There are 2 protein chains.
Amino acid sequence: MTEQRLQARTAPTTETALEVLEAGIDAERLTTIFGRCRVEYDGRAASSLDWGHRLVVLKPDGTILVHTDSGQKPVNWQPPGCTHDGHLVDGQLHVRSVRSTPDEELLVVFEQVDQISTYDGTGESDVVVTGTEADLRDRILDDPDLVEPGFEPRATERDTSAGAVDIYGTDSDDSAVAVELKRRRVGPDAVSQLNRYVEALGSELHAERTIRGILVAPSVTDRAQELLDRRGLEFVSLSPDPE
Amino acid sequence: MTEQRLQARTAPTTETALEVLEAGIDAERLTTIFGRCRVEYDGRAASSLDWGHRLVVLKPDGTILVHTDSGQKPVNWQPPGCTHDGHLVDGQLHVRSVRSTPDEELLVVFEQVDQISTYDGTGESDVVVTGTEADLRDRILDDPDLVEPGFEPRATERDTSAGAVDIYGTDSDDSAVAVELKRRRVGPDAVSQLNRYVEALGSELHAERTIRGILVAPSVTDRAQELLDRRGLEFVSLSPDPE
DNA sequence: CACTCTATCTCGGCT
DNA sequence: AGCCGAGGTAGAGTG
């Protein structure tokens, strides 16, 4: 039998839809189903979705997505690692996706299947992203003066009891400096994060040693700035990309 | 012309694919394209994705998703509110999606289209989710003793200079209590969040008044527990769903 | 629009 | 498997 890259049936009987679905699951193909369905989910949370015309996507890695005609996020889903299977119940196509740890189950009941397609997609795909926190870190390691003149990075991801400091180093007075990096404008959470690291360093280094905390990000919100001031922490404006 | 719920072409010419795409965009239909494509993105970050066989989904609200055969998240996307359009360039189908604030652009170049389908999906869909933080809050408001005997909620989302406290109330000694709710097991970030609220209340209420902070969640990590101890904050184990 | 916070967050890295 | 933090987080709510 010839393996076509794409197999599709428009307005199939439920029996045909089930055949195509099972063949797609067996052959580890990317599968889409257009149809009128309802969805039940139970797991970390629980949800119920009433009848409607939607797009369901099944992936060979065990992902299932239920998309309506709006929103970037699927209205219901199951993450990679799930087991998919289809059944006919009262003439309706049931698509079930289950996993354990945690126990989760998603059931899609199709009243009507308008189209089912299976596709031999490309596996590995290496998307190259720039403008990340790693780019910001590399920018600083290349030119530490961007933080402040005399700053000398000593370690990245330096461990403390509160977690890893993005960049740990010293200033021109040889004081310890903890630098927390954010690729975009930050709110209070980032300040708290930096503060946890500075506190942890304070109880782990020699007590008399000064520890400075510097938040490096393109900008901060007002509330984050207040929190920086209150904590005696500093802010340096810097973006991942040289502008 | 009859409006079919589903329109599809398998192995179309690029010209036909463009026609179907433009008709789908015009008619605000959910559109899927299977084909071999590459993707360029530039906006908040930037990325490049090499050639591969993928599924592209366009929604009438301006969302576009590029899915490979693995992963729950699209490998590239554009959020709702974008403007889509298609063009033929050197015989290849280009699908472009742009928006402003922030300026972002996504370009999908198809070397080959294996199938294009447009679908009249259902608009509004009211998914009912349970097991959320709101359920946990309601559980406590129904029976405040779940936090501790004598706890009396006074306000939800009570504003402070550091943000809104999930539940603000008093204990049996009439001390102020700030309760932070989490629907699942929490790490250090939730403790810092609670701590910010407790500190803010400390500087906003009468200075001599005791302010307790209680984190309510199913469980906490070791590091979060250490942080709770260090900050003098408390933890009460409770789930959104009565088990 | 910006800010804040939740989420069945997802994802990757590390232990 | 759990913990931790990044993310083009998305999405909701509010000012």
Side-chain angles (χ1 to χ4, degrees), chain A residues 39 41-47 63-66 70-82 97 99-106 127 129-134 136-137 157 159-160 162-166 180-190 193 196-197 219-224 240-241, chain B residues 41-47 63 65 70-81 99-106 127 129-134 136-137 157 159-160 162-166 180-190 193 196-197 219-224 240:
Chain A
V39 187
Y41 156 73
D42 193 21
R44 286 164 290 177
S47 75
T63 300
I64 184 168
L65 311 170
V66 181
S70 68
Q72 178 186 332
K73 285 183 57 178
V75 64
N76 276 113
W77 70 91
Q78 202 73 294
C82 296
S97 172
R99 69 161 174 160
S100 47
T101 51
D103 275 328
E104 293 199 294
E105 181 174 332
L106 184 76
V127 59
V129 185
T130 61
T132 65
E133 183 179 301
L136 178 56
R137 180 199 61 212
E157 299 300 316
D159 249 347
T160 74
V165 178
D166 284 338
E180 174 63 28
L181 307 173
K182 293 295 171 190
R183 65 169 300 279
R184 59 172 204 174
R185 184 174 175 84
V186 297
D189 54 338
Q193 194 182 341
R196 292 202 300 273
Y197 301 151
S219 59
V220 296
T221 66
D222 288 351
R223 201 169 267 173
D241 304 298
Chain B
Y41 155 75
D42 193 20
R44 286 166 292 177
S47 75
T63 300
L65 311 170
S70 68
Q72 177 182 333
K73 287 184 55 178
V75 65
N76 275 114
W77 70 91
Q78 204 71 295
R99 68 160 174 163
S100 46
T101 50
D103 274 329
E104 294 199 294
E105 179 174 333
L106 184 77
V127 59
V129 185
T130 61
T132 65
E133 184 178 303
L136 177 56
R137 179 198 62 212
E157 300 299 315
D159 248 346
T160 74
V165 178
D166 284 337
E180 174 62 28
L181 307 172
K182 294 294 171 188
R183 64 172 297 279
R184 61 169 206 172
R185 183 173 176 85
V186 297
D189 54 336
Q193 193 181 343
R196 292 202 302 271
Y197 301 151
S219 59
V220 296
T221 66
D222 289 351
R223 201 170 269 173

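Values in this document were obtained by computation on a predicted structure and should not be read as measured data.
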What integer distance in Å separates [X]:[atom1] from [N]:[atom2]?
| X | N | atom1 | atom2 | value |
| --- | --- | --- | --- | --- |
| B:E104 | D:dA10 | CD | C1' | 12 Å |
| B:D222 | C:dC14 | CG | P | 21 Å |
| B:L106 | D:dG8 | CG | C1' | 11 Å |
| B:D189 | C:dT6 | CG | P | 9 Å |
| A:K182 | D:dG5 | NZ | P | 9 Å |
| B:E133 | D:dG13 | CD | C1' | 13 Å |
| A:Y197 | D:dC4 | OH | P | 10 Å |
| A:D159 | D:dC4 | CG | C1' | 11 Å |

So what does [X] touch, heavy atoms closer than 4.0 Å: a base, only the sugar-phosphate, or nothing?
| X | value |
| --- | --- |
| A:R223 | sugar-phosphate |
| A:P188 | sugar-phosphate |
| A:G131 | nothing |
| B:P79 | base |
| A:A162 | sugar-phosphate |
| B:T101 | sugar-phosphate |
| A:E180 | sugar-phosphate |
| B:R196 | sugar-phosphate |

Starting from the 5' end of DNA chain C, give me the residue, A:N76 or B:P74, whose nearest nucleotide shows up first.
-> A:N76
Can a side-chain donor-acceptor contact be found between [Y] and [X] if the only test is distance below 3.5 angstrom?
| X | Y | answer |
| --- | --- | --- |
| A:S47 | A:N76 | yes |
| A:S219 | A:R185 | yes |
| B:Y41 | B:Q78 | no |

Nearest nucleotide by nearest heavy atom, which residue falls closer to the 5' end of DNA chain D, A:G163 or A:R183?
-> A:G163
A:A164 or A:S70, whichever maps to the more 5' nucleotide of DNA chain D = A:A164
Is any side-chain nitrogen or oxygen of [X] closer than 4.0 Å to OP1 or OP2 of [N]?
| X | N | result |
| --- | --- | --- |
| A:R184 | D:dT9 | yes |
| A:T221 | C:dA2 | no |
| A:Q193 | D:dA6 | yes |
| B:W77 | D:dT9 | no |

Side chain B:Q78 and base D:dG8 donor-acceptor under 3.5 Å = yes
Compare the minimum distances between each of [options] and the side chain of [X], then state the nucleotide with the smallest one.
| X | options | answer |
| --- | --- | --- |
| B:A45 | C:dT4, D:dG8, C:dA7 | D:dG8 |
| B:Q72 | C:dT8, C:dC11, C:dT6 | C:dC11 |
| A:Y41 | D:dG2, C:dT8, D:dG7 | C:dT8 |
| B:R44 | C:dA7, D:dG7, D:dT9 | D:dT9 |

